[in-house]
Structures are given as C-alpha cells and as structure tokens.
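Notes follow the structure.
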Amino acid sequence: SISRDSGASAPLAPSRSTTGHRSRPVSDGINFPVPFVQGPPMLLPDRRRALALLGGLAAAPLLPVAALAQEKYIDLTIRGGQFKPVSIAVTPFVGEAEAAAKASQIIAGDFRRSVFLQPVDPKNFPEQIANPDQPPQMELWRAAAAQFVVTGRAAKGPDGRIRTEFRLWDVATGQQAAGQQYVTDPNNSRRVAHIVADAIFTRITGEKGMYDSRVVFIDETGPKDQRRKRLAIMDQDGANVRYLTKGDNLVLTPRFSPTTQDVTFMSFGEGDPRVFLLNIDSGQREVVGNFPGMTFAPRFSPDGQRVILSLQQGGASNLYAMDLRSRATTRLSDTQAIDTSPCYSPDGTQIVFESDRGGAQQIYVMGANGGGAKRVSFGEGRYSTPVWSPRGDMIAFTKQKGSTFAIGVMKPDGSGERILTEGFHNEGPTFAPNGLYVMFFRETQGAPGAKIFMADIFGKGEFAIPTPNYASDPAWGPLLG
C-alpha cells in the first residue's frame with residue numbers, strides 16, 4: 001500500500017476490516033457489486049494487458065457510498081444543456097518533479113476541453129498544497145470560487161515504476177469525494193493521468209469519461225494534388241501519434257470498433273478499393289473484400305461481429321450487412337437510389353444512413369434487418385455522414401447549405417436539430433465514447449489542408465486537436481479501460 005500521512009482525513013479506499021458487498025450505481029443505471037476491500041496498487045504494465053486489468057480497477061471502490069456527499073454534482077441531461085460548469089482546481093502534484101508536473105498538467109489540460117468542468121486559473125490558487133493527504137483549507141478555496149480541489153502525488157519508485165495517486169475534495173462539504181492510486185511503467189504515465197481525469201469527470205457528472213481513449217485518422221502530407229495519406233492513431237488530446245500504414249496507397253475513412261481495438265479502412269492501390277480490418281495493438285491486418293465503387297469504409301455493429309456497408313451496382317448503391325466470421329452478406333435495401341454511409345444504433349436494432357431517394361441527400365432510419373425507411377431530416381439543405389451516438393439519444397451529421405458545411409446533432413426522430421459549428425468545409429463527425437462530444441475535420445477557405453476539431457453536443461465549446469500534419473476522417477475509439 002502507499003505511504004500516507006498519519007493525519008490524513010480519509011483513506012484512498014476503505015480499510016481491510018470493511019467486509020461485505022454493496023451495489024454502486026453507475027451512469028447507465030446498472031448496479032454491480034463492489035467489494036469494500038483494500039487491495040494492492042493496480043499495475044499497468046502495457047496497453048494490451050492493461051485492457052484487462054483496468055476493467056477490475058474501474059470497479060474498485062474509492063470511498064464507501066455513505067461518505068459521499070451526493071451521487072453527482074451536475075446533470076448534463078436536463079434543460080437542453082443549460083447547465084453551469086463546475087469549477088475545479090487541479091493543484092500541482094507533489095513528488096518527483098517531472099512525473100508530478102506531467103500528471104497534473106495532463107489532468108488540467110483534459111478539463112480545459114471539458115466544457116462541463118471549468119479549471120480555476122492557477123494564478124488564483126490561494127494556497128500551495130504540500131501534503132495532498134490533508135484536506136485543503138476549504139474557506140480559502142471557497143473564496144477563490146473553486147467547487148472542487150484535486151490534490152495528488154506522482155513519483156518513481158525504487159523499481160522504476162511511477163506511482164500516481166489523487167484525491168478529489170468537495171469544497172462545499174469539506175469532504176473527500178474520490179481517491180485512487182495507480183502504479184505503472186513510466187511509458188503509461190500519460191495514460192494514467194487520463195484515467196484520473198475520467199474518474200474525476202465521472203464522479204462529478206455521473207457520466208462516463210472519454211479521456212482514456214484513442215482516435216484513428218488520416219494523416220495528410222505533400223502537395224494538395226499529390227497527397228500522401230497515411231492511417232494514424234493518437235490519444236484523444238493529440239498526443240502519442242503513431243502511423244499504421246506507410247503511405248504507399250491512398251487510405252480513407254477509418255472506422256473504429258465500439259468493442260475492440262480493431263478498425264476498418266479503405267485502401268486504394270491498383271484496381272478496386274479494398275477494405276482492410278486492422279488490429280491496432282497487434283498490427284494484424286486482413287482483407288475484408290474488394291468493393292468496386294465504395295466511397296465509405298464499413299462501420300461495425302455494436303457487438304463488433306458484423307459490419308454494415310454500401311455497395312454500388314450500376315447507378316445505384318444499396319446497403320448490406322456482412323458477418324466478419326463467415327464473410328456472408330445480407331442485402332438490407334433495394335432501391336435505384338444512392339443509399340450510403342450507414343451506421344447502427346447502439347442497441348443494434350436500427351440503422352441510420354443517407355440517401356437521395358427523395359431527390360436530394362437526406363437522413364433516413366430503418367430497422368437493422370432492412371425494410372421500410374423513414375426520413376428524419378427536414379431542415380433546409382442536404383444532409384450526409386450520419387453517425388449514431390453511443391448513448392442512443394443523438395445522431396450527428398454533416399449539413400450542406402449553399403456553400404456552407406455544418407456539423408450538427410438531432411434526436412433519432414429528427415427533432416431537436418442543433419448546429420454545433422458551420423463554415424467553409426466541416427465534415428465527418430464521430431462521437432466520443434460517452435456521447436457528449438464529437439470530433440470532425442475542417443478545411444478553412446484558402447487553407448492547403450484540413451485539421452481536426454472537437455465540440456460538445458450542446459455547442460458550448462470548440463477545440464482544435466493538434467496533429468503533426470494536415471488531418472481528416474477522425475474515428476473515435478472506445479475507452480481503453
């Protein structure tokens with residue numbers, strides 16, 4: 001266990017003498033038993049093994065439920081997004097200088113792009129935290145308008161691993177609201193900081209986080225008429241960019257599996273475009289098939305066992321589902337129109353897609369097994385690239401009106417349309433794992449290439465995602481833990 005000051009007001013987790021199980025509510029309404037037993041620090045030796053380990057860590061208790069002031073502090077589901085951000089002070093972590101500074105900087109950086117949490121400017125911090133185990137001076141932080149204070153430490157142990165711990169303090173009650181400790185190889189210290197940010201975000205909002213996730217995208221270099229396009233992956237904040245293809249062939253429209261670290265993408269070499277299935281961690285790649293006339297890569301079903309795609313035959317394009325194990329395809333639409341860009345609902349019962357069957361590009365919804373389709377977009381302009389939120393409550397889209405391209409969201413029945421951003425060229429929305437944010441790519445007029453941006457679904461904020469080169473076609477993956 002970690003060393004603690006004997007005067008610490010609350011342990012990171014309950015003592016070993018606490019027994020039994022309780023059900024802890026989580027944001028999707030499911031209850032699961034949590035044993036109140038102090039265990040050893042969680043080890044995160046590498047990304048692949050961490051996927052299994054972090055599942056257990058996510059269920060580890062932080063404090064007994066009775067000690068928590070309330071279940072969540074901000075409700076993001078009411079009043080159409082008319083919420084007030086929660087102010088939070090991420091104080092500099094103590095410990096080994098480089099590791100501590102890195103942890104607190106990453107956590108604060110995540111919250112600066114949150115919209116729902118508003119970091120307090122460090123210039124306004126009323127005290128310097130010397131012992132993160134002790135409660136901060138709440139009256140000072142109250143005067144600084146902080147609703148929460150984060151304290152912590154990060155240091156390298158004798159074995160070379162980084163130990164990171166945090167405490168979240170509720171200024172109103174003066175109580176610790178959350179706390180956890182992690183031990184990891186230094187190569188994973190950045191990821192642990194994102195995991196801490198997710199834990200804090202969830203504790204305050206009651207919603208899943210999104211910081212411990214990755215995004216695949218198309219990296220673009222070279223002259224505009226001779227672009228070199230490579231498949232790349234990065235952390236959601238733009239860090240840790242890694243290239244997955246060499247750039248020998250043109251690649252487009254990667255799609256992330258919602259359940260695994262697999263992606264599909266299109267590759268244009270000699271002949272017809274081919275669709276590949278790539279495992280991010282192992283690098284294993286296989287050809288799904290050759291598809292003449294395809295313009296978008298297939299999207300995965302919610303269970304990751306099937307993909308849905310659009311195939312061109314003559315002047316028409318129709319929708320098909322393919323079983324990834326048998327490669328058997330099932331036809332879902334049969335029209336003389338162009339049906340394309342399909343996406344499953346998160347429960348797998350419905351499909352959203354774009355079609356010109358009514359004369360212009362619009363968004364339609366139909367059952368996952370095909371049949372009658374219902375048009376849901378009725379605003380002025382043309383709609384394309386629909387994608388269903390993992391929450392099931394929204395569909396994001398690209399909307400073209402005249403020479404302007406916008407990114408927006410609507411409810412699955414087409415009501416409540418909300419434009420998040422618009423301009424010369426915005427396209428290709430993709431949802432965060434918690435459904436509260438979208439990424440997309442933008443090309444400004446006169447610019448030599450596109451860049452990736454992120455916005456929340458309420459249209460409160462917009463943030464550029466740094467990439468080493470021009471970038472397009474982002475696809476947000478699931479949480480790693």
Side-chain angles (χ1 to χ4, degrees), residues 214-256 263-276 278 290-298 310 312 317 338 340-341 354 361 381-387 396-408 419-430 438-455 462-476:
R214 298 186 288 183
V215 177
V216 291
F217 65 100
I218 302 300
D219 176 89
E220 302 185 14
T221 56
K224 203 165 187 178
D225 58 349
Q226 294 180 336
R227 274 284 195 260
R228 184 190 188 202
K229 296 193 176 186
R230 292 179 291 176
L231 184 66
I233 188 168
M234 63 182 174
D235 295 347
Q236 51 76 29
D237 59 355
N240 292 331
V241 173
R242 179 161 60 96
Y243 295 100
L244 306 175
T245 62
K246 297 179 180 179
D248 298 333
N249 296 323
L250 176 69
V251 292
L252 293 174
T253 61
R255 311 296 194 200
F256 231 123
V263 298
T264 60
F265 65 94
M266 292 180 61
S267 177
F268 291 81
E270 296 181 2
D272 295 327
R274 293 191 295 175
V275 172
F276 284 89
L278 172 69
N290 294 356
F291 302 103
M294 179 179 283
T295 54
F296 293 101
S310 173
Q312 182 177 347
S317 293
I338 297 177
T340 188
S341 194
E354 68 175 84
Q361 287 172 288
R382 295 185 294 171
Y383 293 75
S384 61
T385 65
V387 58
F397 56 85
T398 302
K399 180 178 181 179
Q400 182 182 3
K401 180 182 176 183
S403 59
T404 297
F405 286 78
I407 301 295
I419 298 300
L420 305 181
T421 188
E422 57 186 329
F424 175 70
H425 186 193
N426 300 282
E427 192 175 350
T430 177
V438 294
M439 275 189 192
F440 55 95
F441 67 96
R442 167 184 296 158
E443 187 172 353
T444 57
Q445 191 166 11
K451 299 295 282 185
I452 294 176
F453 288 78
M454 162 184 157
E462 180 181 296
F463 310 92
I465 305 299
T467 54
N469 305 301
Y470 297 117
S472 61
D473 290 340
W476 211 324

Q | Qualifying residues under ring-ring contact (aromatic ring centres under 6.0 Å, His included), relative to F256, sequence neighbours excluded | A | none
(Q) Quick check: closest heavy atoms across P429 and T398, and the distance to 0.1 Å? (A) CD-OG1, 3.5 Å
**Q.** From K451, Q236, M234, residue fulfilling side-chain contact (heavy atoms from CB on, under 4.5 Å) relative to I465
**A.** M234
Q. Looking at CZ of F268 and NZ of K229, how far apart are the two atoms once the value is rounded to the nearest 0.5 Å?
A. 9.5 Å
Q.
V387 vs V438, test: side chain to side chain contact (heavy atoms under 4.5 Å, CB included). Steps then yes/no.
A. CA-CA 10 Å; V387 58; V438 294; over 6 Å; no
Q | N/O donor-acceptor pair under 3.5 Å between T264 side chain and P298 backbone | A | yes
Q | Shortest non-hydrogen separation from K224 to A447 and the atoms involved | A | NZ-O, 3.6 Å
(Q) Can you give me the closest heavy-atom contact between Q445 and F424, atom names plus distance? (A) N-CD2, 3.4 Å
Q. Given side chains that start at C-beta, do those of F453 and T421 come closer than 4.5 Å, heavy atoms only?
A. no
Q) Can any side-chain N or O of T430 pair as donor or acceptor with the backbone N or O of W476 at less than 3.5 Å? A) yes
Q. Which atom pair, heavy atoms only, marks the closest approach of S472 to F217?
A. O-CB, 3.6 Å
(Q) Tell me if a side-chain donor or acceptor on D237 pairs with a main-chain N or O of A239 at a distance below 3.5 Å. (A) yes
Q) Would you say R242 and N240 make side-chain contact, with heavy atoms under 4.5 Å? A) no
Q) Could you give the distance from CD (Q361) to NZ (K399), rounded to the nearest 0.5 Å? A) 13.5 Å
Q) Taking C-beta and beyond as the side chain, do E220 and N469 meet within less than 4.5 Å on heavy atoms? A) no
Q) Is any side-chain heavy atom of S341 closer than 4.5 Å to a side-chain heavy atom of S310? A) no
(Q) Tell me which one of Q226, R227, R228 satisfies side-chain contact (heavy atoms from CB on, under 4.5 Å) with T221. (A) R228
Q: Measure across G423 and N426 and return the closest heavy-atom pair with its distance rounded to 0.1 Å.
A: N-ND2, 3.1 Å
(Q) Rounded at 0.5 Å granularity, tell me how far CG in D473 sits from CD1 in I452. (A) 8.5 Å
Q.
Once rounded to the nearest 0.5 Å, what's the spacing between atom CD of E354 and atom OG1 of T385?
A. 6.5 Å
Q. Can you tell me how far CD1 of I233 sits from CZ of R214, rounded to the nearest 0.5 angstrom?
A. 4.0 Å
Q: Provide the closest heavy-atom pair for E443 versus G449 in the form atom of the first, atom of the second, distance.
A: CG-O, 3.7 Å
Can you give each donor-acceptor pair under 3.5 Å made by side-chain atoms of residues 400-408, sequence neighbours left out, with the distance rounded to 0.1 Å?
residue: Q400; atom: OE1; partner: R382; partner atom: NH2; Å: 2.7
residue: Q400; atom: NE2; partner: G402; partner atom: O; Å: 3.4

Q: May I ask you to test the T245-F265 pair for a side-chain heavy-atom distance under 4.5 Å?
A: yes
